[in-house]
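Remarks on the structure that follows.
Model, not experiment: these values are computed from the prediction. Basis for what follows: all heavy atoms, side chains included, without hydrogens, waters or symmetry-related copies.
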Amino acid sequence: MNIVVLAGGNSTEREVSISSGQGVCQALRERNHKAILVDAYFGKESMEGELFSDKYDTEQAAAWMRKQSNNLEEVMKTRQEFFGPHVLEICQKADIVFLALHGANGEDGKVQSVLDLMGIKYTGCGPLSSGMAMDKGITKMVFEAKGVPTPKGMTLEKGECSSYLSDYGMDFPVIVKPCCGGSSVGVCIAHNQQEYGAALMEAFSYENQVVVEQFITGREFSVAVVDGKAYPVIEIAPLEGFYDYKNKYSAGSCVETCPADLPASLTKEMQMYAEKGYEALNLQAYARLDFLMEEDGSMYCLEANTLPGMTPTSLIPQEASVIGMNYPQLCEKLIEVSLKKYQ
């Protein structure tokens, strides 16, 4: 197949996206697909030459994208449109676009809407489910309505909310996070009023809506759901703090165990809630749902990631390996289940 791996973009998760895209592109080429890596934001200067060539240097393409990152802030000041030169023209020539974008303008349904309008096939969820899952406030409301356990919380609007937690009937500690951010950027734990004020200021510096929810002390887990079926549960144990941006992307900062060391009954329960959360948000193809579990076995679904990290060492590839699927095979599998949307 001729495949465009669309990565980069202009979100706070640009570097993670490039790493995902580089891994996916290389893996698909190993499976004899003619995959190319395209930067959604910086595009390609020229359409000259063969696009889907047998000879293609994925590392060189990724290096070029990282070089463009140095100019990202300056370009964003002067350019309104998201897609770079020739991006959509190239995508139209592919059999499918593998979305390796993360965060805003990629995971929130905007790119998916454009691709849908242009009749371009792509991996992952559609626009509506992507948008709902990206918004942690909406996700929380849907989970509560559909019986998926989730921590008590609320959505606050910048300039229209009280800075005192007691006004909302909640107690410390709480976790404060931007409503639509990813990779735990801007997420803070507040144990007292002073920390809470600082956490609100930090989260509101990213977005005008933030989610405040009861902080759950317990073990952290994640479950991939592919084509509606849960994969093995993986446990993430940060050596320090919680699973924030630093711990997610710093080598050796977490111990990741798959399958997680859990009684069979709790494993099945978490997988059931992962599938239920996937269904509640009307997700398609694949997603990853994150959980916390207290000592007594009470579990809470925090959020759904519709375009989760796809580097060879990311969480979903680790789960897939437990059921005998290597990384290149997983990349093909995600394309296979995504094509079902178009049947």
Side-chain angles (χ1 to χ4, degrees), residues 102 107 123-126 128-153 175 177 182-184 211 213-214 216 218-237 242-243 248 254 256-310 314-325 330 333-334 336-338 340-341:
H102 302 314
E107 202 167 352
T123 57
C125 299
L128 182 58
S129 52
S130 296
M132 287 198 301
M134 187 72 178
D135 189 310
K136 296 177 180 65
I138 291 176
T139 296
K140 184 172 289 294
M141 287 191 291
V142 171
F143 283 170
E144 289 173 345
K146 295 293 185 177
V148 179
T150 189
K152 176 185 177 182
I175 193 159
K177 48 193 173 184
S183 284
S184 299
V211 168
E213 63 185 16
Q214 210 67 54
I216 306 297
R219 297 161 67 185
E220 302 185 44
F221 301 89
S222 193
V223 185
V225 179
V226 179
D227 201 20
K229 301 297 181 183
Y231 274 21
V233 177
I234 186 168
E235 180 172 6
I236 308 104
F242 68 105
Y243 197 42
K248 285 182 179 181
C254 293
E256 296 166 353
T257 307
C258 190
D261 183 13
L262 285 172
S265 60
L266 289 179
T267 294
K268 289 180 180 179
E269 183 180 0
M270 192 173 293
Q271 289 175 316
M272 179 271 290
Y273 280 130
E275 292 175 0
K276 192 171 182 178
Y278 178 97
E279 182 180 355
L281 290 167
N282 194 32
L283 305 183
Q284 304 98 32
Y286 69 99
R288 197 194 77 222
L289 290 92
D290 297 336
F291 289 83
L292 281 169
M293 189 179 71
E294 295 178 306
E295 284 188 16
D296 64 0
S298 299
M299 58 186 69
Y300 304 87
C301 190
L302 303 179
E303 61 181 346
N305 302 272
T306 56
L307 288 179
M310 274 297 294
S314 292
L315 301 182
I316 289 185
Q318 291 186 60
E319 294 179 57
S321 69
V322 172
I323 57 174
M325 190 184 304
L330 172 63
K333 176 70 173 179
L334 299 185
E336 176 191 322
V337 299
S338 296
K340 290 184 178 182
K341 294 182 298 184

* Please identify each residue that fulfils salt bridge (charged side-chain N to carboxylate O under 4.0 Å, His left out) with E275, with sequence neighbours left out. =>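 Counting only residues at least two positions away or on another chain, E275 forms no salt bridge (charged side-chain N to carboxylate O under 4.0 Å, His left out).
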* Asked: Can you list the residues that meet the salt bridge (charged side-chain N to carboxylate O under 4.0 Å, His left out) rule with E336, with sequence neighbours excluded?
  ->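 Listed in chain order: K333.
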Once side-chain contact (heavy atoms from CB on, under 4.5 Å) is applied, do any residues pair with [X], and if so which ones, sequence neighbours excluded?
| X | value |
| --- | --- |
| S222 | I234, I236, R288, D290, L315 |
| T306 | E107, C125, S130, A133, L283 |
| L292 | I216, E220, L302 |
| A285 | V337, S338 |

Under the rule for side chain to side chain donor-acceptor pair (under 3.5 Å), what residues qualify as partners of [X], not counting sequence neighbours?
| X | result |
| --- | --- |
| S314 | T311 |
| E269 | none |
| Q214 | none |
| S298 | D296 |

* **Sequence neighbours excluded, every pair satisfying salt bridge (Lys or Arg N to Asp or Glu O under 4.0 Å) that has a member inside residues 221-237** =>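 Qualifying pairs, neighbours excluded: R219-E235, D227-K340.
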* Asked: Do Y231 and M325 come within less than 4.5 Å of each other through their side chains, counting heavy atoms only?
  ->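 Touching, per the 4.5 Å side-chain cut-off.
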* To do: Using the side chain to side chain donor-acceptor pair (under 3.5 Å) rule, collect all pairs that involve residues 142-151, keeping only residues at least two apart or in two chains.
  =>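 Every pair satisfying side chain to side chain donor-acceptor pair (under 3.5 Å) with a residue in residues 142-151: K140-T150.
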* To do: Indicate the atoms forming the closest heavy-atom contact of Y286 with P308, along with that distance.
  =>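 Looking at all heavy atoms of both residues, the closest pair is CE1-CD, 3.9 Å.
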* Taking every non-hydrogen atom, the tightest pair across M293 and F221 ->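 Heavy-atom minimum between the residues: CB-CE1, 3.8 Å.
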